[in-house]
Each structure stands twice: as structure tokens, then as C-alpha cells.
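Below is one structure; the comments refer to it alone.
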Amino acid sequence: MTTLAEPTTSPETGGVLSPQYRALTIGMTALITLVAFESLAVATAMPTVAQALDGLRLYALAFGGPLASGVVAMVVSGTWSDLKGPARPLWHGTAWFLVGLLIAGFAPTMEVLVVGRIIQGYGSGLLTVALYVVVGQLYPARLRPKIFAAFATAWVVPSLVGPAIAGLIVEHTSWRFVFLAVPALAVPAALVMRPGLAQAGKHEVRPGKLWNKRAMLAVAAAVGVGLLHYGGQQRGVLQVVLLVVGLAGVIAFGPRLLPSGTFTFGRGLPSVVALRGLVAASGFGAEVFLPLMLTRERGLSPTLAGLVLTVSALSWSAASWYRGRPNQPFSHSVFLQGGMVLIVLGIVTATLTLDPHVPVLVGILGWSLTGLGMGTVFPTLSVLTLDYSEREEQGANSSAAQLSDSLSTATVLAIGGSLFAAIEPHSDITAYVVAFGFPALLALLGVQAGRRTTP
């Protein structure tokens, strides 16, 4: 696999905030921050929304719908970016994202809100993949670690303040502003990028169809993701049927959207894509159970349990910042392996707090190791995805990496949640050990994948 050549229009000096990149960097980072904030804020506001619109029966679909539409959008955006350049899918994605927010914000019924959420998910899938291709085409290789570190921080910062801000909005104004406030900020962020994106608009157009076989496979995989998410929130026979059908769909169609050799840790790009799925599934798969364990088993208040996640978010941000600095002492492969080891240690340490004799502080400090690992691995994988991509493959490979993330996380959350629900009535301790042990095993697999990311 060859390495992508430097963009011909990029000077040899200057950083991501130098005059030629400043507006583009600020605009892209702001846009990602808003997408991340919206995702977290909606999770906080949705219980109130469902009650206000008498739509509890559609509660799960309000989350599963955008996940599924996002899977389709990632594939479409990757193909579109490779054929026509990233500017068009970026603008279309921004438009779909904003339209979805407006529909949800003004929704008179829960059904309309779900439609808005599905449109919103499709838009965010289009624009996030296109943004990665913009980095590949307009930023030289030496600046990509910095911009991807900024992207990682743009996801972390909303996790610190998003739920609190959303809670205040819902409590003191109206839940509708959780949806309607973002468009007012996203439009200026998008307009700021326009001058910088002019160069991306000069992409050499290639023949091909957007809605090709790959897009159809994405639709089938998306149905599987939606069924997994929806089934994970049901009970009884319906849950089993939905999970089995959804898992079958993801297994049957998902791998065909990823590079050959992904599941056997093929050298280079296949292992990069595999590791993207493993790091997301292990980190997020364990994170969902940590506040539950701390509140139910150790008696912490929801606020204090949430602070544990804040600590890991801060360590994630610090690691991402460090990975964006020049003159790193180790190879990408070493950082990836080290990051996955940190995730394993963090999960294991957090699990130890099930023992009442282990201070909760140990679990808090341990979980910060997981944040360090995530912050180390994610930006590194983003850099390698572009390094291992020819110019005409950037869209397809960027979408494959993000698909690996989405498909793996949805699958692990569905399986982990189902196992926890089945075991917990018989043994709390065993249920938590399984809930944390499954992601820890995936992180151990990630150490092996990290070894094979070098071609």
C-alpha cells in the first residue's frame, strides 16, 4: 500500500491555524463539536421529549434510526467523495443534518421527531466522512496528527458540558431548543469553511454511481444495526428474535463493506480498520456499565458517577493533544499497542471496585487510563487511514473505518446489554464481570491488531 502524496497546494511551513488553514480548521472543528454535542444532548433530553410527545413506544427508534441511517450515509459519502470530491457530500451532509434538527425541533408528534432524527443521522454520516477526506486532500501529512487531535478533542469537550447544558435547557426553557439551537451555530461554522473548501471543489471527477452494490449492502447492514439497537431495549421473545435477526444482518453484510483481511488482522489498512472497531467497542462497551455499577453497587450519586466519565474525558483530551505534537518518540504501532493495553488496564481496574474493600478512587484513576488509551488510539488510526490510502481511495477507506466503529459498537452494546439483563437477576457480581470482561477481551485483541498495522 503506498502513501498518499502531499497536497500540491500546501506550503511546507505553517500549522493548522496558519492563515491558509485557519478558517477551515476552525470551521471543521466547530462542526464536529456541534455534531458531538447534539448526540450527547439528545440522550439527556430524550426522556422528557418522549413524555411530552406521548411517544415512549418509539423511544428506542429515536436512537436506533439515526444510527442506521448514518451507516448508509457513511458508505454513500465515501463513494461520493472519491468520485466527485468531498465538498459536495460535506455540504449535503450539513444540509441534511440541519433539516433533521429543524424537523425534530418543531415536531408535533413523536413520529415526526423520529423522521427528523433519521434525517439528522444521515446528514451527520455524510459530513463526518467527508471531513476526513478534506483533511486528506487539503492538509499535508505532517499536519494530519494535529487536525485529528483537534477532531478528537471536539468529541471529548461536549461530553464534559453537553449533558449539563442540555439538562439546564430542558429544565428551564423547552426541550425543543436542544434541537433548534444547533442550526443557529452550525450555519456560521459551515460558512467559515467555504473559502478553504474551494480547493476541494477542484477534485477530478470520476465516473461511477453513488447508489451502487456497496450502498445496497450498507442499507442491509443498517437494518441489522437498527434491529440490534431496538431489540436491545425490548424484553422476552421479541428481544431474542430482533437481536438474532439484527446480528445476522450485521454479520452477513457488514464485513463486505470493510477491506479484505479486516477480520484476520491483515497487515496495514485491514488491521487499522479492525482496530477502529475494537477500540470503540471495548471503550464504549465498558463505559455504559460504569455509572450503573458505581451508583448501584458503591452508592455514588449520579453526579459523582458522572464525574468518573469526566475524568476519563479529560485524560482522553490530554492524550489526543500529545499525539498531535511533532517528533513523537515511538512508531504508530507502538502507540496503538500501548493505548490498547491502557484500555485493558482501565477496564480491569474499574472492575475491581466491585469489591467494597477497594476504594472508589482506584476505579476513578483506573478509568482515566482508559481515556488515555482512547485518546492515543483514535487520532493515530485516523492518520494511518489516510497514510495507507491513495487519493482516489480516501473516501472509501475513511468510511470503512467509521463503519467498523459503528457496526462493532452497536453489536457489542446489544450483546453486552442482553447478557447483563439475563445474568443480573441471578448474580449482580457475575453480570458486571461479564459486562466488563467482554470489552476487556476485545481490547486484548486490539493489542494484537495494533502489532499488524505496519505494512
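We use all heavy atoms of the structure for the numbers below, so side chains are in, but hydrogens, waters and symmetry mates are not.
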Is [Y] close to [X] at the side-chain level, that is, under 4.5 Å between some pair of heavy atoms?
| X | Y | answer |
| --- | --- | --- |
| Phe97 | Ile119 | no |
| Ser312 | Thr370 | no |
| Ile103 | Gln120 | no |
| Ile169 | Trp175 | no |

Mind checking whether Phe179 and Phe106 have ring centres under 6.0 Å apart? no
Compute the ring centroids of Phe378 and Trp155, then answer whether they are less than 6.0 Å apart. no
Would you find a donor on one side and an acceptor on the other, under 3.5 Å apart, between the side chain of [X] and the backbone of [Y]?
| X | Y | result |
| --- | --- | --- |
| Thr409 | Ser406 | no |
| Ser317 | Thr153 | no |
| Ser398 | Gly395 | no |
| Arg176 | Gly105 | yes |
| Tyr388 | Thr453 | yes |
| Thr29 | Ala150 | no |

Would you tabulate the side-chain donor-acceptor contacts of residues 180-187 under 3.5 Å, counting partners in other chains and residues two or more places apart, or write 'none'?
none

In chain order, what residues pass the side-chain hydrogen bond (donor to acceptor under 3.5 Å, both in side chains) check against Arg22, with sequence neighbours excluded?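 By the side-chain hydrogen bond (donor to acceptor under 3.5 Å, both in side chains) rule, Arg22 matches no residue at all.
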Which residue pairs pass the side-chain hydrogen bond (donor to acceptor under 3.5 Å, both in side chains) test with at least one member in residues 430-443, sequence neighbours excluded?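 Applying side-chain hydrogen bond (donor to acceptor under 3.5 Å, both in side chains) to every pair that reaches into residues 430-443, excluding sequence neighbours, yields Ser427-Thr430.
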Indicate every side-chain donor-acceptor pair of residues 248-265 with a distance under 3.5 Å to a residue at least two apart or in another chain.
{"unit_1": "Thr262", "atom_1": "OG1", "unit_2": "Pro259", "atom_2": "O", "d": "2.6"}
{"unit_1": "Thr264", "atom_1": "OG1", "unit_2": "Gly261", "atom_2": "O", "d": "3.3"}

Above 12 or not: heavy atoms from other molecules or residues under 6.0 Å from CZ of Phe284?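 For Phe284, atom CZ is crowded (more than 12 foreign heavy atoms under 6.0 Å).
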Measuring from atom [atom1] of [X] to atom [atom2] of [Y], what distance do you get when rounded to the nearest 0.5 angstrom?
| X | Y | atom1 | atom2 | result |
| --- | --- | --- | --- | --- |
| Leu403 | Arg276 | CG | CZ | 10.0 Å |
| Ser382 | Arg144 | OG | CZ | 11.5 Å |
| Ser282 | Ile347 | OG | CD1 | 5.5 Å |
| Ile147 | Tyr139 | CD1 | OH | 4.0 Å |

Do the side-chain N and O atoms of Gln394 and Ser81 include a donor-acceptor pair separated by under 3.5 angstrom?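 No - no donor-acceptor pair under 3.5 Å links their side chains.
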For Arg117, the salt bridge (Lys or Arg N to Asp or Glu O under 4.0 Å) test, sequence neighbours excluded, returns none
Sequence neighbours excluded, which residues qualify as salt bridge (Lys or Arg N to Asp or Glu O under 4.0 Å) partners of Glu287?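 None.
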What orientation do Phe148 and Tyr132 show, parallel under 30°, tilted 30 to 60°, or perpendicular over 60°?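 Rings of Phe148 and Tyr132: tilted, 30 to 60°.
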Between Arg391 and Asp82, is there a side-chain N and carboxylate O pair less than 4.0 Å apart?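 No.
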